[in-house]
Student: 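Below is the structure I would like to discuss, written out as structure tokens.
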Protein chains: 2
Amino acid sequence: MATIKDVAKELGISVSTVSRALNNHPDIKEQTKKEILEVMKRLNYTPNALARGLIHKKTNTIGLMIPDIADPFFSEIANGVEEVLTEVGYQVVYGNTMRNPDKEKLFLSSAKERQMDGLIVTPNFMDEKLLEQFQRLQIPVVFLRRRSPEGLAAPFVDVDHYKGACMAMEHLIGLGHRHIGFIGMPELSFLAELRYQGYVDTMHAHGLTPNPNAITRGGRTIAHGREAMSRICEQNKDLTAIFAANDLLAIGALEWLAIQGIPVPEKMSVVGFDNLEVASLHWIKLTTIAQPRKQMGEEAARIIDRMIREETYQAQSVFFEPELIQRNTCREV
Amino acid sequence: MATIKDVAKELGISVSTVSRALNNHPDIKEQTKKEILEVMKRLNYTPNALARGLIHKKTNTIGLMIPDIADPFFSEIANGVEEVLTEVGYQVVYGNTMRNPDKEKLFLSSAKERQMDGLIVTPNFMDEKLLEQFQRLQIPVVFLRRRSPEGLAAPFVDVDHYKGACMAMEHLIGLGHRHIGFIGMPELSFLAELRYQGYVDTMHAHGLTPNPNAITRGGRTIAHGREAMSRICEQNKDLTAIFAANDLLAIGALEWLAIQGIPVPEKMSVVGFDNLEVASLHWIKLTTIAQPRKQMGEEAARIIDRMIREETYQAQSVFFEPELIQRNTCREV
DNA sequence: AACGTTACCGAAAACGTTCCCGGAAACCTT
DNA sequence: AAGGTTTCCGGGAACGTTTTCGGTAACGTT
């Protein structure tokens, strides 16, 4: 690989001058600059970002740590992040953790070693060691789709999961439903807990008592939803509605109902959470809670950018409002 | 940020010794090594990957350039790539190009500046300038889901799109269909062309002539599929089958048919291409052509790894076989 | 003609590492 | 006791840049 020295030698000039040509510094004659650029092209020269980063203490790199890119939920967030970040000259480095704590820790240390300028993260579960790692990081961080842990002065961008869950439940109860089941995600997940709380609290707020037999927790896929629905239905003949903690679970439930020939919404109402693309498919038309995914990504990106640029910037966390999207899977009872 | 010098000064020893502790070099007393590691922890020291990369001329970084992470097709490929690459100690840097030629070029130059060790790429369209950029790259490259361009001695990992399209068509024709429409992707895409050729050639091979009115090309989304299906159906009353160049288009077609009350497969057979998750949904059950997405990613990763490690390795391109997945959207006629 | 400006350039230090080379003890030999 | 080994450590160059500082020539000014 050709270096700045090579082109300097080629022209019999100093590296300083070549560097000046590169950074269009004013202290250089137009003529020599032109010659230099020519030689660079000829030698197939490309500046070395490592050397630059070493001097400037800046790599123009932002780490984006998320649980799973293949999850459409996150890939859309990621697109939002990337869109605004590349616009201002950053390269984003993904960290796909697959909800594996070790991979999370590995990514964080890698981020520090590689001198990334900032981090946008969605850790799955915050234990002691991970928290400590964040505290020692010395890199600006914003949390995404998750509140930042106490003991860490980092801003976050999130949707109000609790409120969203309450909205879903209010909708169902407002429609007259009294016996409402819940299909939840694994308990160790942060937002699983919030959505579950929304379910429980809203039930109580209306004088209803959640039936433990009508509650499952533990998955996040379509297959889980199918299985959960079958289990719940068999044990609860009087159920008229289901709140699923995410759309994939809801769709699994819908599938099982369709296979059993139980008509939706006539015999069973269901509402999901996330508003994935697939929820709007003609055969599904799921009533669900929407979050502005792309906007959330964009906002997080804007915040991290300012945190890096402005030394004194005191970033504010932001909550996005969830929204009820009414489609065809609920009916009055 | 603490550096190696800081910990050396703290202990009154030389940086060389500290470096030895870091790389567990044999020339160091166990005792001093222990002291060094302790001070490192206390000072919150992390090695600087930029400085290391500068010396070793290796960054342990692989670039993965793909059109769209949010596309489930690519995110699964990406997961395959990442799985094997992180296993052997690489970090993968995504380049989301959104099929934008400028973004592709930007990513390539960024990859070179950042001294990435290797690249796995899925460029959308190969023009003169992009090809030249690849030729000047001086970094090992493997092409993914696309054949490598002539004039570039790079291996590729792909599925035989042409053969897959032929298989889909053979299936339809074998079922007795004679009037078969085609819903295609934008013409400037490399694989769109191959799948289209498969359609045309198989028609001809059976003495059938493709009807220009029953062919659309130009989209890759569900919305496109819906629109294309409506257009084709209105102009071709005798059509009994549709081959859609990808599953999203097929699903769009299916949606339109469902809305119109045209029963599938009774009145219309349809087959797709890609075998996305969503194609197996209960309401869809699309007959389609599968590609081993994750395997393709893994294979590409393994190849790039060897190309980097073994100077003399002559990488072989690999074709994966497409597979016909029969579900419920085709019938004999 | 003497001076101050301006325009342009080079030398060298610095960024944080690694690694080669040499050297000083301390340990074995015989 | 002299020599040879081994063990451990420090000095300093190198990686490819940027940047500060200083310097030289050419210019304009009075």
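In what follows, every chain begins at residue 1, and chains take the letters A, B, ... in the order their sequences are listed. Every value quoted in this text rests on a predicted model; they were computed, and no experiment measured them.
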Student: What residues in residues 20-37 of chain A put a non-hydrogen atom under 4.0 Å from any atom of DNA chain C?
Tutor: A/Arg20, A/Asp27, A/Ile28, A/Lys29, A/Thr32
Student: Looking at A/Asn60, A/Asn23, A/Thr59, which one forms a side chain to side chain contact (heavy atoms under 4.5 Å, CB included) with A/Arg52?
Tutor: A/Asn23
Student: Of the options B/Phe143, B/Phe319, B/Phe320, which is the one that meets B/Phe156 in a ring pair (Phe, Tyr, Trp, His ring centres under 6.0 Å)?
Tutor: B/Phe319
Student: Should A/Ile4 and A/Tyr45 count as side-chain neighbours, where that means a heavy-atom distance under 4.5 Å?
Tutor: yes
Student: Respond yes when some side-chain nitrogen or oxygen of A/Ser16 is under 4.0 Å from OP1 or OP2 of C/dG10, and no when none is.
Tutor: no
Student: Need to verify one output field. Residue with the more 5' nearest nucleotide on DNA chain D, A/His56 or B/Lys57?
Tutor: B/Lys57
Student: Let me check the geometry of the helix from C/dA1-D/dT30 to C/dT30-D/dA1. What is the bend angle between the axes at its two ends, five pairs each, to 10°?
Tutor: 50°
Student: Output the rounded distance in Å from NZ (B/Lys58) to P (C/dT18).
Tutor: 15 Å
Student: Within a strict 4.5 Å, meaning less than it, do heavy atoms of the A/Glu193 and A/Met185 side chains meet?
Tutor: no
Student: Please determine whether a side-chain nitrogen or oxygen atom of B/Lys5 lies at a distance below 4.0 Å from atom OP1 or OP2 of C/dT17.
Tutor: no
Student: Are the side chains of B/Asp305 and B/Arg309 in touch, meaning some heavy atoms are under 4.5 Å apart?
Tutor: yes
Student: So A/Ser19, base contact, sugar-phosphate only, or nothing? Heavy-atom distance under 4.0 Å.
Tutor: base
Student: Going by distance alone, is a donor N or O of one side chain under 3.5 Å from an acceptor N or O of the other, for A/Tyr94 and B/Gln91?
Tutor: no
Student: Between A/Asp68 (side chain) and A/Met98 (backbone), is there a donor-acceptor pair under 3.5 Å?
Tutor: no
Student: Will you find, in the side chains of A/Glu299 and A/Gln295, an N or O donor that is under 3.5 Å from an N or O acceptor?
Tutor: no
Student: Tell me, please, the opening and closing nucleotides of DNA chain D, 5' to 3', among those with an atom under 4.0 angstrom from a non-hydrogen atom of chain A.
Tutor: D/dC15 to D/dT19
Student: Do A/Ser14 and A/Thr17 pair up side chain to side chain, a donor and an acceptor below 3.5 Å, judged on atom types alone?
Tutor: yes
Student: Check the side chains of A/Thr61 and B/Arg114 for a donor-acceptor pair under 3.5 angstrom, ignoring hydrogens and angles.
Tutor: yes
Student: Quick one: does A/Thr97's side chain get under 4.5 Å of A/Ile66's, heavy atoms only?
Tutor: no
Student: Which residues pass the salt bridge (charged side-chain N to carboxylate O under 4.0 Å, His left out) test with A/Arg220, not counting sequence neighbours?
Tutor: none
Student: Looking at B/Ile304, B/Ile62, B/Leu64, B/Leu108, which hits side chain to side chain contact (heavy atoms under 4.5 Å, CB included) with B/Leu119?
Tutor: B/Leu108
Student: Is any side-chain heavy atom of B/Lys105 closer than 4.5 Å to a side-chain heavy atom of B/Gln133?
Tutor: yes
Student: Among residues 107-115 of chain B, which residues get a heavy atom nearer than 4.0 Å to DNA chain C?
Tutor: none
Student: Let's see if you get this right: which residues in residues 40-54 of chain A place a heavy atom under 4.0 Å from DNA chain C?
Tutor: A/Leu54
Student: If we ignore angles and hydrogens, is there a donor and acceptor under 3.5 Å between the side chains of A/Asn44 and B/Lys112?
Tutor: yes
